[in-house]
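Here the structure is laid out as structure tokens; the discussion comes afterwards.
When reading the values below, keep in mind they use all heavy atoms of this one structure, side chains included, and skip hydrogens, waters and symmetry mates. Counting begins at 1 with the first residue of the sequence.
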Amino acid sequence: MTDIDAERTRTRTIDAERTRGRALDDPRASSPPAAPWWRSWLLEGLSEQTARHPGPHRTPHPEQEGHRWWRVMCLTGVDYFSTLGYQPGIAALAAGLLSPLATLVLIALTLCGALPVYRRVARESPHGEGSIAMLERLLPWWPGKIFVLVLLGFAATDFMITITLSSADAAAHVTENPFAPHWLHSAHLWIALVLVGVLGAVFLKGFREAIGIAVALVGTYLALNVAVLAVAAWQVLAHPVGIGDWAHAMTAQHSSPLAMVGVALLVFPKLALGMSGFETGVAVMPQIKGDPSDAYEKPRGRIHGARRLLTTAAVIMSCLLLLSSLATTILIPQSAFQSGGPANGRALAYLAHHYMGEAFGTVYDVSTIAILWFAGASALAGLLNLVPRYLPRYGMAPEWTRAVRPLVLVFTTAAVLITVWFHADVDKQSGAYATGMLVLMLSASFASTVAVRRQGRLRATAGFGLITAVFGYTLVANVIERPDGIRIAFLFIVAILVTSFASRVHRAFELRVGEVVFDDEAQRIVDEAAAHGPLRLIAREPQERGTRFRPGEGAPGALPSRQERPILLEVLVRDSSDFTADVTVRGAEEDGVRLLRAQGPTVPNTIAAILLALRDRTGEVPHVYFRWTEGAPISHLVRFLVFGHGEVAPVTQEVLRRAEPARAHRPRVHVS
């Protein structure tokens with residue numbers, strides 16, 4: 001480049017910057033009106049902070065060191081261990097006198113099925129994404145995105161029912177307490193609604209998770225349960241006639257031990273709530289303190305801590321489930337478990353009041369209410385993490401979903417409606433809870449099967465495949481017995497799909513490119529062409545390669561001649577289901593004609609981003625030339641939304657118009 005050319009380029013750049021500065025300083029440019037106070041309050045913190053929302057499931061900031069695994073286990077415990085508040089009563093209703101045998105089957109599936117699966121998930125997805133991220137990597141393009149959206153619907157079911165079921169059971173502990181005012185005994189639904197409302201209000205105010213609270217709640221709750229079970233065991237051993245009566249009743253109902261085992265195998269899916277903490281266990285992995293030598297890709301210390309967390313929690317819960325099932329089945333009459341009975345939804349609390357006095361029973365009730373409420377907080381925090389983690393990345397969420405408060409209002413409203421729908425009944429909601437949880441477990445076991453299959457481990461593949469089949473049977477049996485879970489999940493799935501695709505269409509004309517980078521050859525081509533005036537690019541489809549370029553042939557009359565040094569521009573769609581991507585522009589020459597090639601999620605948005613990058617690099621507004629595409633406009637619109645290409649020229653113009661409001665600085669689009 002000569003000194004004259006260099007000076008000319010520098011002058012053009014300075015003039016362009018001055019023009020741009022005058023446009024920005026123009027006093028006639030009116031500032032946008034101030035937003036209403038309520039809108040500013042709702043959208044406060046509209047940023048990526050939502051994906052790190054404080055709570056039991058949040059992702060800690062990089063500067064945080066994390067916590068010891070046993071402390072993080074308490075974050076899992078507010079969800080996992082709190083099911084002791086209602087699980088024994090549900091098991092008694094589902095299996096009757098065979099509750100202990102069905103619980104043994106559940107424990108076997110927990111320790112030999114769910115535990116190995118989630119230990120594998122912790123290894124494959126150590127940053128809290130869970131099995132959904134594993135499956136996302138298996139299915140590329142649109143099928144993968146849609147599959148993830150469906151799983152998000154089931155995950156939303158799991159977390160939402162955690163909120164409503166926990167509130168309903170907490171309300172049961174309030175109304176059944178002998179010290180509660182008499183007018184509360186008929187206010188079960190309203191108490192549950194108040195608890196849901198308080199939970200939403202706390203998150204609207206600003207929830208700041210303290211791991212110490214979870215440790216205190218779980219420690220106190222487990223200690224109280226151990227005390228209740230110890231007293232119950234003493235009562236059983238002191239009056240062994242209860243064991244005989246139980247065995248005699250089972251023998252009278254079932255002809256043989258083999259028949260008992262068969263019935264237990266058939267009814268154990270109804271007890272699936274006893275495995276509810278595993279998905280939470282991998283979600284809290286970012287909280288675990290790893291080793292100083294941990295690498296981000298494979299944090300071995302964190303993975304080891306997560307596996308210890310999962311194993312310890314599973315063993316503790318298995319022991320408590322078996323002991324509680326035995327104690328409640330032997331010591332509590334079956335009629336007390338029925339709806340409206342004193343042990344319905346609160347079997348261990350019934351034992352605490354009956355054998356340890358009303359004062360201790362009230363302390364137990366308060367502890368149970370607190371941990372159940374905190375389990376709802378854990379679930380809501382999980383939802384606030386889960387939705388922003390995937391939907392904005394897919395372009396399938398409105399801008400307001402990046403703010404906490406609008407999402408809290410949406411989820412709280414949904415929780416209120418679900419609570420009213422089920423009349424705050426624990427038994428009725430257990431089916432929906434189990435459905436969402438079992439779908440996530442089935443997806444985790446399937447993802448683990450594929451992961452070990454790719455590693456060539458045939459025995460592990462067979463083992464995980466068997467676990468997948470068992471979870472599949474458990475899910476189908478649960479859905480057939482209690483279809484409410486599928487209905488709730490279907491509503492969430494439809495809502496997520498509709499809003500997601502509506503948002504995707506609405507945001508289709510955004511720039512959708514993170515960063516544009518030119519390789520050395522592309523930089524040389526651009527700089528040489530810019531020395532002779534504004535850049536002029538001719539858009540060419542990749543399938544036209546091999547055809548010889550002739551300036552002016554089949555193009556608009558304003559098409560640049562060879563003396564104006566035009567540049568061909570090709571964009572190849574890499575994965576149209578991706579919403580945003582960084583773009584690398586590579587330069588080449590074919591038959592003496594210079595060519596820029598790039599890959600992006602869509603053709604028009606990528607071309608628009610490249611044009612803006614060229615403008616910023618050269619200081620001149622570039623020109624791009626298109627040829628009209630034959631076909632119906634509607635079909636071209638569908639092709640653009642699904643496949644990333646269609647009628648490129650008008651879409652490129654619209655993307656540029658939205659990205660650059662100032663017409664003087666907007667790249668020029670020419671079409672013939």
Side-chain angles (χ1 to χ4, degrees), residues 74 77-78 81-93 99-100 103 166-188 191-192 195 213 215-246 316-317 319-375 424 426-427:
C74 293
V78 296
F81 300 141
S82 67
T83 58
L84 286 170
Y86 47 82
Q87 172 68 12
I90 292 175
L93 278 177
S99 175
T103 301
S166 298
S167 299
D169 192 56
H173 283 78
V174 172
T175 57
E176 294 295 335
N177 188 278
F179 296 115
H182 69 279
W183 53 269
L184 284 179
H185 293 186
S186 60
H188 182 270
I191 295 173
L195 290 174
I213 296 176
V215 172
L217 283 176
V218 170
T220 302
Y221 186 67
L222 289 181
L224 292 174
N225 274 282
V226 169
V228 172
L229 291 174
V231 171
W234 172 257
Q235 291 294 327
V236 171
L237 295 176
H239 305 88
V241 66
I243 301 177
D245 292 341
W246 169 55
I316 292 175
M317 191 61 175
C319 294
L320 293 177
L321 282 175
L322 181 59
L323 292 174
S324 64
S325 179
L326 285 168
T328 54
T329 302
I330 295 173
L331 296 176
I332 300 178
Q334 289 295 303
S335 59
F337 293 110
Q338 301 302 316
S339 181
N344 181 256
R346 54 186 300 277
L348 291 179
Y350 176 91
L351 294 179
H353 282 275
H354 187 74
Y355 291 107
M356 305 180 73
E358 304 296 357
F360 182 89
T362 300
V363 172
Y364 184 89
D365 284 340
V366 171
S367 174
T368 304
I369 294 169
I371 196 170
L372 286 169
W373 184 88
F374 206 75
V426 175
D427 302 327

Would you compute the distance between atom [atom1] of [X] and atom [atom2] of [Y] and round it to the nearest 0.5 angstrom?
X      : Y      : atom1 : atom2 : result
Leu93  : Ser99  : CG    : OG    : 9.5 Å
Leu195 : Trp373 : CG    : CH2   : 9.0 Å
Ile243 : Ile330 : CD1   : CD1   : 5.0 Å
Phe81  : Ile316 : CZ    : CD1   : 4.5 Å
Trp234 : His239 : CH2   : NE2   : 9.5 Å
Ser166 : Phe374 : OG    : CZ    : 12.5 Å

> Can Val218 and Val78 be said to form a side chain to side chain contact (heavy atoms under 4.5 Å, CB included), step by step?
Replying inline: CA-CA 6 Å; Val218 170; Val78 296; 3.9 Å; yes
Within the distance-only criterion (no hydrogens, no angle test), does the side chain of [X] pair as donor or acceptor with the backbone N or O of [Y] below 3.5 angstrom?
X      : Y      : value
His173 : Ile369 : no
Thr362 : Glu358 : yes
Thr175 : Ala172 : yes

What closest approach, in Å, do [X] and [Y] show between heavy atoms, and which atom pair accounts for it?
X      : Y      : result
His188 : Ala171 : O-CB, 3.6 Å
Gly89  : Ala347 : N-CB, 4.0 Å
Ser82  : Leu372 : O-CD2, 3.6 Å

> Who pairs with Leu84 by side chain to side chain contact (heavy atoms under 4.5 Å, CB included), at least two apart in sequence or on another chain?
Replying inline: Tyr221, Asn225, Met317, Leu320, Leu321, Ser324, Leu348
> Got a sec, which residues hit side chain to side chain donor-acceptor pair (under 3.5 Å) with Thr103, two or more places apart in sequence or on another chain?
Replying inline: Ser325
> Please walk me through it: do Tyr350 and Thr328 pass side chain to side chain contact (heavy atoms under 4.5 Å, CB included)?
Replying inline: CA-CA 9 Å; Tyr350 176 91; Thr328 54; over 6 Å; no
> Step by step, would you call His353 with Arg346 a side chain to side chain contact (heavy atoms under 4.5 Å, CB included)?
Replying inline: CA-CA 11 Å; His353 282 275; Arg346 54 186 300 277; 3.4 Å; yes
